[in-house]
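Note that these values count all heavy atoms, side chains included, but never hydrogens, waters or copies made by symmetry. Residue numbering restarts at 1 for every chain, and letters A, B, ... go by the order of the sequence lines.
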4 protein chains.
Amino acid sequence: MKQAQINPRKTPKQARAKASVQAILQAAAHILERGGLETLTTNYVAEVAGVSIGTLYQYYPSKEAILTDIIRQKRARLLEDLQAATLAMRNESFDATLAKLLRAAVESQLHWPKLSKALEYAESFLPLEQETRVLNEQINQTIVAFLEHHQVAGAPVAARDLVSALRGMIDGAGLAGETDAQALFERTLRLAKGYLA
Amino acid sequence: MKQAQINPRKTPKQARAKASVQAILQAAAHILERGGLETLTTNYVAEVAGVSIGTLYQYYPSKEAILTDIIRQKRARLLEDLQAATLAMRNESFDATLAKLLRAAVESQLHWPKLSKALEYAESFLPLEQETRVLNEQINQTIVAFLEHHQVAGAPVAARDLVSALRGMIDGAGLAGETDAQALFERTLRLAKGYLA
Amino acid sequence: MKQAQINPRKTPKQARAKASVQAILQAAAHILERGGLETLTTNYVAEVAGVSIGTLYQYYPSKEAILTDIIRQKRARLLEDLQAATLAMRNESFDATLAKLLRAAVESQLHWPKLSKALEYAESFLPLEQETRVLNEQINQTIVAFLEHHQVAGAPVAARDLVSALRGMIDGAGLAGETDAQALFERTLRLAKGYLA
Amino acid sequence: MKQAQINPRKTPKQARAKASVQAILQAAAHILERGGLETLTTNYVAEVAGVSIGTLYQYYPSKEAILTDIIRQKRARLLEDLQAATLAMRNESFDATLAKLLRAAVESQLHWPKLSKALEYAESFLPLEQETRVLNEQINQTIVAFLEHHQVAGAPVAARDLVSALRGMIDGAGLAGETDAQALFERTLRLAKGYLA
DNA sequence: CATGAATGAGTTTTCATTCAT
DNA sequence: AATGAATGAAAACTCATTCAT
């Protein structure tokens, strides 16, 4: 099994270059949402992005590097949302913060269920680079901090359980065709509160 | 994307043939548990199974057919276990039956987390054959029947939520290296009871 | 710079397979003699050999592996010839054995000068596998033994000087279009005897 | 095989431009000495030279043109040295002039053996431009003139033999790690005098 | 039935070269 | 002149699948 290089190659400086990188990432995400990992080929990504295959490889040394970068972006955005959700947690009720967290979780996954599932599966075999591992750790810490602030026993395990259960549930709903975020949110709330009760 | 033929080719009658088919399935499962979908190649499966690539294609017309057959077997076994768990549900408490169901769920996934995750992901893009779709439907029905027997409102959605949340949670625990089925079982119980409360 | 795998993949057992491997090696040698290293591509080798690109990769994991195998074969044959030349050296005059050695050297290079030159250059950047390194060492030892048997001082350095000078000279003659082995042989004799005088 | 344009594009007039050209040539030579022909890529040359790829193509229309120019420079310098060595040949002994010639040959190759070898191999497939062919011819003529001045029979062939043998020998010594020019010089002297005896 | 050599479409990837800024 | 983003032809290499023995 080859170990692909995953660090981005050069940081785009000119505006044109930035646009190319964004086009590549969006094209890849789009392909994943439509057809999953097995339809993601570098040539197809380049074609959908409207750039040449050479341009793609200017910025990403491998397919894995693109996947890794999408994961990193998604994680960064999720972390931001979760941190925003817990920002005022010291002045808020447990329920209020939890609701914000769950809304963020639902929003980040429900509308791109195949993409989410593909990235989640990709994570299981990609050697994530440092930055993404740190992001994952911070996401986890955000949840653990929230749980500990409310005296939940065994917060680390509880955080992991909740995160993985919620991921599964939201993906399941999305793949089944659900689009009503509010309805799903209420069920995730029941799940989370029930588990933590 | 080509649409692969997925029905097994010929039902093996002779003992030697049955042994080959089992060897193929076990080899494939083993490869999935070790390296995931991207390491599953037909030549490698044949090699690990100790049969020639020609023999493999005697019994399975495509790689997808092997995957599908593994899923079918797993599902059939799970269905059996779930049906056994609900067999006496009319004479038992809600809690007693639920515990049996969850034990079955934990047992079926915890010790092969990468295999479970890979199959789950494979399901999202494979065109499952009739028999497996029926099995999935029966699994679902078993849960729905149990929930309805205990007057749970919105049983179909609840069943789906629980199944996908539990799958996520058990996989998450397994991938994190947990092996204590009893401890995990207790947490799944909390999750399920909490959600249904 | 990637480090290509150079060990042959599978040893051909059936006659058909052996024929394929020979066809590949001959095609590669032919291409090198006609156009040099820069015209040697795996697809072209397969085409000239009359096998599919897949077949080529069944037996050689990389272009480098093919080159390495050609070098190994050439070296093995040369070693054989040199050993034959020195077989009777204890009962022969210095001049008699030297003549045999030089005839072998001229024969092994003169008629394929571009091939020789390409392989020689290839050796300078290929990570030769064990077997070929051993062959090179044995070739060297054969010359050193011959020189020491005749009380030549500084035999190891003299052997290296002679081998590299003769290689250069024979290649030079071949590339210049010479084909008269006898005439060239006589000049190599002058060179060698002069250097050792 | 495409036939690349090899004549330099424009003669740099400004000081900055001359500096760029020199940087390019030195970078290319450096890369050849470190990694050989297969590591010589235009983008890498530009990077090492500290100029943009666009600038490189301002002065050289192709990769081959750079190689050709390096060869031309090397040859020009060697010719100068050889001509200097034979300048006084009419008033000197055969041995004295030969020694000067061999010192020049050793100096020009010993310290950059991989570069020498790469250029030598490159010459075998590059379509050398007029100027370099003339230089090569002049180098040859210089040797031939020297040999004929001392009544060597068959001077043209002898010149070729000596040049190619010495090239091989000096390269061989360099690649083997020798750095003592004096010691090597003495052995080349033995080789040349022996051959011409 | 079993074998394993052979196939070739499809992918990844490189790198010389062009061209808009 | 200089820059560096973009190009795409061409190469390396994989792997599902077929078929002669």
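- When atom types are taken as modelled, the side chain of C:Y121 and the backbone of D:L37 share a donor-acceptor pair closer than 3.5 angstrom.
- To the nearest 0.5 Å, atom CG of residue C:D69 and atom CD of residue C:E64 are 13.0 Å apart.
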Protein-nucleic acid N or O pairs under 3.5 Å, nucleotides 19-21 of chain F:
none

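- A donor N or O paired with an acceptor N or O is found under 3.5 Å between the base of F:dA16 and the side-chain atoms of B:N43.
- Scanning atom types as modelled, one donor and one acceptor separated by under 3.5 angstrom connect the side chain of A:Q58 and the base of F:dA6.
- Rounded to whole angstrom, the span from the CD1 atom of A:I24 across to the C1' atom of F:dA6 amounts to 11 Å.
- For E:dC1 and F:dT21, the P atoms lie 22 Å apart once the distance is rounded to whole Å.
- Distances were taken from every side-chain heavy atom of C:Y59 (C-beta onward) to each of E:dA6, F:dA1, E:dA16; the shortest belongs to E:dA6.
- For C:S52, taking side-chain heavy atoms from C-beta onward, the closest of the listed nucleotides F:dT17, E:dG8, E:dG4 is E:dG8.
- Rounded to whole Å, the distance from CD on B:E47 to C1' on F:dC15 is 14 Å.
- B:I66 comes within contact range of no nucleotide atom at all, as no heavy-atom separation falls under 4.0 Å.
- The phosphate of E:dA16 (OP1 or OP2) has a side-chain N or O of D:T42 nearer than 4.0 angstrom.
- Per the geometry, CG belonging to C:L56 stands 14 Å off P belonging to E:dG8, to the nearest Å.
- Along DNA chain F, the nucleotide nearest A:V51 and the nucleotide nearest C:K63 are compared for position; the residue whose nucleotide lies closer to the 5' end is A:V51.
- Take the nearest nucleotide of DNA chain E for B:S20 and for D:L40: the residue whose nucleotide is more 5' is B:S20.
- For B:T55, the side chain to side chain contact (heavy atoms under 4.5 Å, CB included) test picks out B:S20, B:V51, B:S52, B:Y59, with sequence neighbours left out.
- Residues B:T41 and A:T55 both approach DNA chain F. Their nearest nucleotides, taken by heavy-atom distance, put A:T55 toward the 5′ side.
- Every residue meeting the side chain to side chain contact (heavy atoms under 4.5 Å, CB included) condition with C:E129, not counting sequence neighbours, appears here in chain and number order: C:I6, C:N7, C:T68, C:R72, C:E131, C:T132.
- Applying the salt bridge (charged side-chain N to carboxylate O under 4.0 Å, His left out) test to every pair with at least one member in residues 119-128 of chain D, sequence neighbours left out, gives these pairs: C:K117-D:E120, D:R75-D:E123.
- The main-chain N or O of B:S116 is never found under 3.5 Å from a side-chain atom of B:K74 such that the two would form a donor-acceptor pair.
- Heavy atoms of other residues, nucleotides or ligands lying less than 6.0 angstrom from CZ of A:R77 number 12 at most.
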Intra- and inter-strand pairs of DNA chain F in dot-bracket (Watson-Crick or G-U wobble, both distances under 3.5 Å; | for another strand): .||||||||||||||||||||

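- Taking atom CD on B:E38 and atom C1' on F:dT14, their separation rounds to 15 Å, with Å as the unit.
- In this structure, OH of C:Y60 is placed 16 Å from C1' of E:dA6, rounded to the nearest angstrom.
- Atom P of nucleotide E:dA16 and atom CG of D:L37 are separated by 12 Å, given to the nearest angstrom.
- Counting heavy atoms of neighbouring residues, nucleotides and ligands inside a 6.0 Å radius, atom OH of D:Y44 does not exceed 12 of them.
- Checking the phosphate oxygens (OP1, OP2) of F:dA12, no side-chain nitrogen or oxygen of C:S62 falls inside 4.0 Å.
- Looking at residues two or more places apart in sequence or on another chain, you find a side chain to side chain contact (heavy atoms under 4.5 Å, CB included) between C:Y57 and C:R9, C:T42, C:I53.
- Atom NZ in A:K114 sits 13.0 Å away from atom CG in A:L119 (nearest 0.5 Å).
- Remark: C1' of F:dG4 and OH of D:Y44 are 19 Å apart, rounded to the nearest angstrom.
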